[in-house]
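Count residues from 1 along the sequence. Just follow the structure's listing: the first ligand is 1, and inside any ligand the first atom is 1.
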Amino acid sequence: MRRWSRNLPRNGAILDIGCGTGWPIATTLAEQGFAIFAIDPAPAMLAAFRQNLPDAAAACESAEESRFFDRRFNGAIAIGLMFLLPEAAQRRIIQRVAQALHPGGRFLFSAPQAACEWDDILTGRRSRALGATRYHALLAAAGLKPLGSATDEGQNHYFEAMATVPS
Ligand SMILES: C[S@@+](CC[C@H](N)C(=O)[O-])C[C@H]1O[C@@H](n2cnc3c(N)ncnc32)[C@H](O)[C@@H]1O
């Protein structure tokens, strides 16, 4: 998170989609001076988030419906979320992020690199990663330039993209 956020303007605004409790991701970004806007439809998660980050803006809403996307952000993250949702919802979130980012803004989300389906061990929900080829196509169609991907020490895979700057 710290490495990714170095490419964002100091004190910029970041949208945390599916924020959970906010620890350690949003708390780390807030410590770097970013203004955090967070959404999660689970009331217990949002309550914990508000305790952990009392100064952040937080809404108990789904990513598909949230009004926070009416604002503009320098960065957006969706960690541990995309693959919990059906493909249509994943596509919708990518489109909403593309519309909500300032030109040059960055989007980071986690999902396995290869297309696959499984039962999520935490939620028991059927989960699906669309795979790098499909994610890159969806990002490009929404106006986001895929920048690359990385795998962390816990074998979580991340896709990064940037909102294109109008020429
Ligand atoms: C695995 S947790 C990840 C939490 C946090 N991003 C992290 O990495 O610590 C997934 C979160 O996504 C939230 N979530 C599920 N469906 C969602 C949706 N449609 N829109 C936004 N968040 C959603 C869940 O409530 C949960 O808090």
Problem - Test of proximity, S62 against ligand 1: N or O pairs below 3.5 Å - result: no
Completion exercise
Checking heavy atoms under 4.0 Å, the part of C19 that sits near ligand 1 is backbone
Fill in the blank from the handout: Of all protein heavy atoms, the one nearest atom 3 (C) of ligand 1 is I79 O, 3.4 Å
Exercise for the section: May I ask you to check whether D16 has an N/O atom sitting below 3.5 Å from an N/O atom of ligand 1? Expected result: no
Exercise for the section: Could you tell me the residue and atom name of the protein heavy atom closest to atom 20 (N) of ligand 1, and the distance to it rounded to 0.1 Å? Expected result: A63 N, 2.9 Å
Practice task
Report, as yes or no, whether the 6.0 Å neighbourhood of atom CH2 on W23 holds more than 12 heavy atoms from other residues, nucleotides or ligands.
Solution key: no
Handout entry: Cluster overlap M82 with I79, hydrophobic side-chain contacts below 4.5 Å
Key = no
Exercise for the section: Check each atom of ligand 1 against the heavy atoms of G20 and keep those under 4.0 Å away; list them by number with element. Expected result: 4 (C), 27 (O)
Exercise for the section: Would you mind telling me which of F49, F69, F73 makes a ring pair (Phe, Tyr, Trp, His ring centres under 6.0 Å) with F37? Expected result: F73
Handout entry: Ion pair check, D119 and R125, cut-off under 4.0 Å
Key = no
Exercise for the section: Out of I25, L46, I17, indicate the one that has the non-hydrogen atom closest to atom 8 (O) of ligand 1. Expected result: I25
Exercise for the section: Under the side-chain contact (heavy atoms from CB on, under 4.5 Å) rule, what do Y158 and S110 come out as? Steps first, then yes or no, please. Expected result: CA-CA 4 Å; Y158 299 83; S110 67; 3.9 Å; yes
Practice task
Could you tell me which atoms of ligand 1, counted from 1 in the order shown, lie closer than 4.0 angstrom to a heavy atom of E64?
Solution key: 18 (C), 19 (N), 20 (N)
Practice task
For atom 1 (C) of ligand 1, find the nearest protein heavy atom and state the residue, atom name and distance (0.1 Å precision).
Solution key: G80 O, 3.4 Å
Handout entry: Residue and atom name of the nearest protein heavy atom (relative to atom 13 (C) of ligand 1), distance in Å to one decimal
Key = D40 OD2, 3.3 Å
Problem - Contact atoms of ligand 1, heavy-atom distance to L85 under 4.0 Å - result: 16 (N), 19 (N)
Exercise for the section: Considering heavy atoms of the protein only, find what lies nearest to atom 4 (C) of ligand 1 and give residue, atom and distance to 0.1 Å. Expected result: G18 O, 3.4 Å
Exercise for the section: State whether the number of non-hydrogen atoms from other residues, nucleotides or ligands found under 6.0 Å of Q51 atom CD is greater than 12. Expected result: no
Practice task
Just do the side-chain contact (heavy atoms from CB on, under 4.5 Å) check on L130 and F83 with the steps written out, would you?
Solution key: CA-CA 8 Å; L130 308 182; F83 48 80; over 6 Å; no
Practice task
Please determine if L81 has a nitrogen or oxygen closer than 3.5 Å to a nitrogen or oxygen of ligand 1.
Solution key: no
Problem - Intermediate values then yes/no, side-chain contact (heavy atoms from CB on, under 4.5 Å), L15 and R71 - result: CA-CA 10 Å; L15 178 62; R71 300 181 54 95; over 6 Å; no
Practice task
Just jot down the ligand 1 atoms closer than 4.0 angstrom to any heavy atom of A42, in number order.
Solution key: 25 (O)
Exercise for the section: Kindly assign one of parallel, tilted or perpendicular to the pair F159 and H136, based on the angle between their ring planes and the thresholds 30° and 60°. Expected result: perpendicular
Exercise for the section: Report, as yes or no, whether the 6.0 Å neighbourhood of atom CD on E31 holds more than 12 heavy atoms from other residues, nucleotides or ligands. Expected result: yes
Fill in the blank from the handout: The closest protein heavy-atom partner of atom 22 (N) of ligand 1 is P41 CD, 3.2 Å
